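Throughout, numbering of the chain's residues begins at 1 and tracks the sequence. Just so it is clear, the model here is predicted, and its values are computed rather than measured. Reckoned from all heavy atoms, side chains included, excluding hydrogens, waters and symmetry mates.
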Amino acid sequence: PEPTAPPQNQPYLIGVGRADCTGPAADVPLMGYANTQQKAAGIHTRLYSRAFIIDDGSRRVVFVTADVGMISQRVRLEVLQALQQKYGDVYRQDNVVLSGTHTHCGPGGYFQYTLFMISSGGFIKTSIQPLVDGIVKQSIDRAHQNMRPGRIYRNRGELDHSSINRSPHSYLNNPEDERLRYKDNTDNQVLVLKFIDLDGDGIGMLWFAVHAVSMNYTNRLVSSDNMGYASYLLEQDKNPGELGGFVAAFSSSNLGDVSPNTRGPVCMNTGLPCDYLNSSCPQTKMCAAFGPGDDMFESTRIIGQNIYRKELYATAVDEVTGSVQSAHQWVNMTDVSVQINDTHTVRTCKPALGHSFAAGTTDGGGDLNFTQAVEGDPFWDGIVGVLLGKPSNETKECHHPKPILFNTGEMNTPLPWHPQVVDVQILSIGSVAVVAVPGEMTMSGRRLREAVKQQELESDGAFRDTEVVIAGLSNVYTHYITTYEEYQVQRYEGASTIYGPHTLSAYLQKYRGLARAIAQELPVGPEPPFFTESLVSLLPAAPVDRKPANTSFGEVLQQVYPIYRQGDVVSVTFVAGNPRHSGDIQRDKTFVTVEILDNKTETWEVVHTDASWETRFHWLKGSNQQSNATIQWFIPPSAPSGSYRIRHFGHYKALKGLRPIISPYEGSSNVFRVASSFYY
């Protein structure tokens, strides 16, 4: 609905942009579950970068949310370099926030620190480049070019029945009086910022604290998961038939201990609930949480629809007004001192991961016999100590009671295993403060939000009725940030709080300082490294493609049936090349089209691509360097009756002499009918 009274405030300049940032759809390990065997083999949905630029006439800020597991420091540094080269000082480290949705099904390989490189195939240029280009050359560029006067409205609410706390034992270690202030042990708060131009056309942006892990560790398809599906639904709703000007970004927030697998954890081998304290079962990796659907695709659909249907956009009438500000610092998080009272000072630690890190979570367990517990294991301590070195007594004391498994802060071969210098940053748009956090927060997110809101932004009256929102997985990834009390329990989240038990206290101090000094000149802090050597890819080059005798690339191996009904699944298999050979050629394009015949014009119209929820593109690597592509179309109930075909596009590599040549190919299924009945 339109505002009841004509707006009197000066409009902002607003720009929005969306771009494909999918990356390699084959062979590359997917980033999120740290499972090196979970390698991409097709596309469930494409990944997008969505950018929002807000300018008050004198200052501007940029917020980007991308369908990736998290923003790495390397991605941020390369994005900032590219922006500097193109725009000079317009877009800088202090006014640009990059945030990840936390899908666990995007290609990895875009980190410059050793631990992350080990689990994601090293440093893969073909993985990081589409991400950087999608953020800069496409989404930010488009937002920059499309800036126009507009207004911002906000709304908030709560989204229930879509998440559970996966570490309730840790949560209960927080003070009772603090827990009693909240009705749930997860943060269900939803904030929507509604952007409209002066013609009334709108853009929505929403944060929600849910872990985007409906797609589990058995999945091999690139997928934007439940957050991406929520964006897809709203963008399809606002841009029927095409991806037009409306950009809907459902971004991550304080999601550290939040799971969308609402049926909760059970032992897959017994059907009984997992052990409450340490989420263990009689056998390793048997404790897993599922739901609300019967499989991961249905669960993704249900959670995505729940987020999409939380109707706060249309009812957002509280206008956001005021100046645009930003504050940023680089901080050495291994050496921050915090005075917690008149007599005691504490400090952060060199990075380290505890034993429970290797146990994983109920959303994706570890492979070995680790459990989420505060005790270590002498057997594994001995093995890891011999292979990687034992932690110093200083590091062990600093991290107490964490039993250290990986002493990453003292490991620097071939490059440092974890970052030392991280970004802390706040953007303010009128009375909305966006706190960009380099990790995953639990109850700690509520504490940080409260600290920024009550103690600083409102302290001098400059920010009245301030709405503070956490933008998680932003700028650099540092795993988790738990409260001091949760850290003592040493479940997965506490074991993954890499800077020690006082990590949150250090961040509270730093973000309070940013809030107090926002719009003022601040010391920049120590710049993070940009490594140019020892960035090794563990991913071998894709070999030449071969095909069965007497066939050609794009030829159909398994044909469609002549007729289907709405609700059926169409499947067709083609002789295929490795999708990696399509590289950047296929970005903003598609491996798949579903097309309907227009009987009036006798032309084919595209109704779905590989970006559509209704299609799945499976790539199967066979023997002798041969591979197939199977395309599924899940016919929606709304599909009109008519004649259809499915087409596949790709590239294959062949040797011409001794020189590899990459050539395009395409193939098409037979024409088939979709009808409400098999009987004519």
Determine whether the side chains of [X] and [Y] contain a donor N or O and an acceptor N or O closer than 3.5 Å.
X	Y	value
Trp613	Thr45	no
Gln490	His355	no
Ser214	Asn226	yes
Ser392	Thr395	yes
Tyr665	His648	yes
His618	Gln632	yes

Tell me whether Asp225 contacts the main-chain N or O of Met215 through its side chain, where contact means a donor paired with an acceptor under 3.5 Å.
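Yes; judged by distance alone, with no hydrogens or angles, the pair exists.
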
Closer than 4.0 angstrom, basic N to acidic O: yes or no for [X] and [Y]?
X	Y	result
Asp20	Arg46	yes
Arg50	Asp67	yes
Arg263	Asp294	yes
Asp27	Arg580	yes
Arg491	Glu486	no

Parallel, tilted or perpendicular, as decided by the 30° and 60° cut-offs, for the rings of Phe406 and Phe357:
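If you compare the ring of Phe357 with that of Phe406, the planes turn out perpendicular.
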
Where does the angle between the aromatic ring planes of Tyr477 and His102 fall among parallel (under 30°), tilted (30 to 60°) and perpendicular (over 60°)?
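Answer is tilted, since the angle falls between 30° and 60°.
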
Measure SG to SG for Cys287 and Cys281 and state whether it is below 2.5 Å.
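No.
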
Within 45 degrees of the axis of the six-membered ring of Phe634 and under 6.0 Å from its centre: does Arg616 put its NZ or CZ there?
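Yes.
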
Can Arg301 be said to sit on top of Tyr229's aromatic six-ring, NZ or CZ under 6.0 Å from centre and within 45° of the ring axis?
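Arg301 over Tyr229 ring: no.
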
Which is it for Cys267 and Cys274 under the disulfide bond (SG atoms under 2.5 Å apart) test, yes or no, and what are the steps along the way?
CA-CA 5 Å; Cys267 293; Cys274 303; 4.2 Å; no

Worked verdict on His169 versus Tyr171 for ring pair (Phe, Tyr, Trp, His ring centres under 6.0 Å)
CA-CA 5 Å; His169 179 50; Tyr171 183 86; over 10 Å; no

Heavy-atom pair with the smallest gap, counting every atom of Phe553 and Ala576:
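Reported closest heavy-atom pair: CE2-O, 3.5 Å.
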
